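See structure below.
Per chain, numbering begins at 1; letters A, B, ... match sequence-line order. All values reported here derive from a predicted model rather than from experimental measurement.
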Amino acid sequence: MAEKITPREKDYSEWYNDLVKEAQLAEHSAVKGCMVIRPLGYAIWEFMQADLDRRFKETGHVNAYFPLFVPKSFLSKEAAHVEGFAKECAVVTHYRLKNDPNGKGVIVDPDAKLDEELIIRPTSETIIWNTYRNWIQSYRDLPLLINQWANVVRWEMRTRLFLRTTEFLWQEGHTAHATKQEAEEETKRMLDVYADFAEKVLCIPVIKGIKTANERFAGAEETYCIEAMMQDGKALQAGTSHFLGQNFAKAFDVTFLDKTGTREHVWATSWGVSTRLIGALIMAHSDDDGLILPPAVAPTQVVVVPIYRKDEELEKINAVVHDFVAKLKGSGIRVKYDDDDTKKPGWKFAEHELKGVPLRIAIGPRDLENGTVEIAFRDTKMKQVVGIDGLAEKIPALLEQIQQGIYLKALKFREEHTFNADTWEEFTSILDKGGFILAHWDGTSETELKIKEETKATIRCIPLNAPNEEGKCIYSGKPSIRRVIFAKAY
RNA sequence: CGGGGUGUGGCGCAGUCCGGUAGCGUACUUGCAUGGGGUGCAAGGGGUCGUGGGUUCAAAUCCCGCCACCCCGACCA
């Protein structure tokens, strides 16, 4: 049917590229590594934003906006931070163009060189902490709980639509606290917000955990993350929440007087999710016919397709459908009546499947006679003919059922592709098949790096819920107290 | 940065080896038929062949340079 999309079995990577393009989620732009997010892709992002924004506000945060540019000197104030980001920064050196004296368009005006270069933010810790210095004087100014919706630029060598683009959209929360404990609680609170959002809204089961030192955010003392499994068994980091300690407070001299009049450095967190989540959504659920969207983020949740030959038939269908659609809209459902006369029903069926509309309802002359409609579920491909009486009232429950079903399917997939490995042979043979591997690790960066070199697998996280268990490192044989999750990752 | 590939109507491609008036599919426009899984027939519009130079009577095609993008790898919250 959707022969435009390479089947997953044949080439998972090609399938993903084809799907993003054919479903019109995004496309490559004229700028290398940067994508154009098309209306369908952007609408999904808007639903994600709306839900996350509500959750941020419910947990006491407010939004603000900081500059796109960061003075170069700011970036180097925190040693680990600059080390981590320096290699992928876009730099603004001039502020003016002029006509080429040779008549070939415009050139950079050499007289317009900036005294200090500006970095296009790869993340905003530095500019934000420089600002916080002036906002924080007293313990009464804390906690400071701010989120920013923004774009950032990281000059990656290799890009993939949504998963890793040079410019991407995200939110970054930056909070300041009076105590270490409070900042640690905030870090975990936001991790929980992300995990709940991923599972309830995106239907993507995630594992909450802590990153190893190798994978830690540049400038963080501890990085918490949620890790998701894609349909090819590879891991995708879906969100991170960092406990930054006093690193940025010290780098930017952000201090406050506590109740006893003692000057202290404040404690920090930062946390973020990005348009990468759209990639996660696609790779977690979709199939060879196209996108499969959880109803919670589907721009169109229900589409109604009329089937008719003559105008009189269409009029009769219209009468029935208008009533039905009005009821759905009344209960807040995003429904579209696709009565476009220039497309055939078969074309529409394929199109709406490609675009991931969760529920499709077809109604034709046969249905008018019988008082029925055909209802088709995008996620399971199930179709059935049901009576139209009372159907509108049942739709919210059906959508909820789809939402649940998509989550459970993804959860089942993850469970079926998660294995314990106790020997190196087991470990490598499971890796070939793909999936998460729970294995013992001796806790050293050397071992982790060697495993990565030999197998390309990395430690995705040390799960928060990992039970204590005596064991021996899969690689070095040294003692270990719990299993960690290994996988190949995006 | 290494390896591979591609630049030709909106999109996808053929044509390049072997130089000779730019073609196919799709999309678009119009008409008629059709309509329960990407509809059929007919007509029509649309292209500086990535770019700069060279060879030639003649270049999408041959030669040299440049640019861009994609894929694989190294790299990467």
Does [X] reach a base, just sugar-phosphate, or nothing at all? Heavy atoms under 4.0 Å.
{"X": "A:Y224", "value": "nothing"}
{"X": "A:E215", "value": "sugar-phosphate"}
{"X": "A:D341", "value": "base"}
{"X": "A:P122", "value": "nothing"}
{"X": "A:S13", "value": "sugar-phosphate"}
{"X": "A:W155", "value": "nothing"}

Between [X] ([atom1]) and [N] ([atom2]), how many Å, whole number?
{"X": "A:E88", "N": "B:rC1", "atom1": "CD", "atom2": "P", "result": "17 Å"}
{"X": "A:R160", "N": "B:rG73", "atom1": "CZ", "atom2": "P", "result": "10 Å"}
{"X": "A:D338", "N": "B:rG35", "atom1": "CG", "atom2": "P", "result": "19 Å"}
{"X": "A:E22", "N": "B:rU26", "atom1": "CD", "atom2": "P", "result": "16 Å"}
{"X": "A:L163", "N": "B:rC72", "atom1": "CG", "atom2": "P", "result": "11 Å"}
{"X": "A:W15", "N": "B:rC71", "atom1": "CH2", "atom2": "P", "result": "16 Å"}
{"X": "A:D339", "N": "B:rG35", "atom1": "CG", "atom2": "P", "result": "19 Å"}
{"X": "A:Y12", "N": "B:rC72", "atom1": "OH", "atom2": "C1'", "result": "19 Å"}

Exercise for the section: Scan residues 184-195 of chain A for pairs that pass salt bridge (charged side-chain N to carboxylate O under 4.0 Å, His left out), counting only residues two or more places apart or in two chains. Expected result: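 Found A:E186-A:R189, A:D192-A:K208.
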Exercise for the section: With sequence neighbours excluded, give me every salt bridge (charged side-chain N to carboxylate O under 4.0 Å, His left out) pair touching residues 18-35 of chain A. Expected result: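 Those involving residues 18-35 of chain A are A:E27-A:R38.
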Can you list everything that forms a salt bridge (Lys or Arg N to Asp or Glu O under 4.0 Å) with [X]? Sequence neighbours excluded, please.
{"X": "A:D51", "answer": "A:R54, A:R55"}
{"X": "A:K355", "answer": "A:E351"}
{"X": "A:D53", "answer": "A:K57"}
{"X": "A:R334", "answer": "none"}

Exercise for the section: Before accepting this row, confirm whether a basic side-chain N of the pair A:R378/A:D287 lies closer than 4.0 Å to the acidic partner's carboxylate O. Expected result: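 Between A:D287 and A:R378 there is a salt bridge, with a charged N closer than 4.0 Å to a carboxylate O.
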Would you measure the distance from the [atom1] atom in [N] across to the matching atom in [M] and give it in whole Å?
{"N": "B:rC49", "M": "B:rG53", "atom1": "P", "value": "13 Å"}
{"N": "B:rG47", "M": "B:rG10", "atom1": "P", "value": "8 Å"}
{"N": "B:rA58", "M": "B:rG12", "atom1": "P", "value": "34 Å"}
{"N": "B:rG46", "M": "B:rG9", "atom1": "C1'", "value": "6 Å"}
{"N": "B:rG45", "M": "B:rG52", "atom1": "C1'", "value": "32 Å"}
{"N": "B:rU30", "M": "B:rG73", "atom1": "P", "value": "47 Å"}
{"N": "B:rU16", "M": "B:rU6", "atom1": "C1'", "value": "14 Å"}
{"N": "B:rC17", "M": "B:rU21", "atom1": "P", "value": "14 Å"}

Practice task
Answer with yes or no after comparing the ring centroid distance for A:F85 and A:F217 against a 6.0 Å cut-off, counting only values under it.
Solution key: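 For A:F85 and A:F217, the ring centres are under 6.0 Å apart.
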Problem - Aromatic ring proximity, centroids under 6.0 angstrom, A:H61 and A:W271 - result: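 Yes, ring centres under 6.0 Å apart.
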Exercise for the section: Mind checking which stems touch RNA chain B? I mean at least 3 consecutive Watson-Crick or G-U pairs, both distances under 3.5 Å. Expected result: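 So far as stems of 3 or more pairs are concerned, RNA chain B shows B:1-7 with B:67-73, B:10-13 with B:23-26, B:28-33 with B:39-44, B:50-54 with B:62-66.
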Spell out yes or no: do the side chain of [X] and the base of [N] have one donor N/O and one acceptor N/O closer than 3.5 Å?
{"X": "A:R360", "N": "B:rG37", "result": "yes"}
{"X": "A:K383", "N": "B:rG37", "result": "yes"}
{"X": "A:R164", "N": "B:rC76", "result": "yes"}

Could you pull out the protein-nucleic contacts involving nucleotides 66-69 of chain B (nitrogen or oxygen on both sides, under 3.5 Å)?
residue, atom, partner, partner atom, Å
B:rC69, OP1, A:K32, N, 3.2

Problem - Nearest-nucleotide comparison on RNA chain B, the residue closer to the 5′ end among A:E351 and A:K211 - result: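 Taking each residue's closest nucleotide, the earlier one in sequence belongs to A:E351.
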Practice task
Select from A:F217 and A:G364 the residue whose nearest nucleotide in RNA chain B is closer to the 5' end of that strand.
Solution key: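 Nearest nucleotide further toward 5': that of A:G364.
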Can you identify which nucleotide, out of [options], has its nearest atom closest to the [X] side chain?
{"X": "A:R158", "options": "B:rG38, B:rG73, B:rC76", "answer": "B:rG73"}
{"X": "A:K452", "options": "B:rA74, B:rC76, B:rG36", "answer": "B:rC76"}
{"X": "A:M157", "options": "B:rA74, B:rG35, B:rG38", "answer": "B:rA74"}
{"X": "A:E156", "options": "B:rG37, B:rG36, B:rC76", "answer": "B:rC76"}

Detail all sub-3.5 Å separations between protein N/O atoms and N/O atoms belonging to nucleotides 39-44 of chain B.
residue, atom, partner, partner atom, Å
B:rU39, N1, A:K344, NZ, 3.2

Handout entry: Candidate pair A:L464 and A:Y224, rule side chain to side chain contact (heavy atoms under 4.5 Å, CB included), full reasoning
Key = CA-CA 9 Å; A:L464 294 183; A:Y224 291 77; 4.0 Å; yes
Practice task
Applying ring-ring contact (aromatic ring centres under 6.0 Å, His included), name anything that partners A:H177, two or more places apart in sequence or on another chain.
Solution key: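 Applying ring-ring contact (aromatic ring centres under 6.0 Å, His included) to A:H177 gives none.
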Practice task
Examine B:rG36: is either OP1 or OP2 under 4.0 Å from a nitrogen or oxygen in the side chain of A:R366? Give yes or no.
Solution key: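 A:R366 to B:rG36 OP1/OP2: no side-chain N or O under 4.0 Å.
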Exercise for the section: Could you name each residue pair satisfying side-chain hydrogen bond (donor to acceptor under 3.5 Å, both in side chains) that touches residues 450-459 of chain A, not counting sequence neighbours? Expected result: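 Residue pairs passing side-chain hydrogen bond (donor to acceptor under 3.5 Å, both in side chains), neighbours aside: A:E454-A:Y475, A:T458-A:R460.
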Problem - Donor-acceptor pair between A:D11 and A:T6 side chains, under 3.5 angstrom - result: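 Judged by distance alone, the side chains do not pair up.
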Distance-only donor-acceptor hits, side chain of residues 73-81 of chain A, under 3.5 Å, sequence neighbours excluded:
residue, atom, partner, partner atom, Å
A:S73, OG, A:E116, OE2, 2.7
A:S76, OG, A:S73, O, 3.0
A:E78, OE1, A:A80, N, 3.2
A:E78, OE1, A:H81, N, 2.9
A:H81, ND1, A:A218, O, 2.9

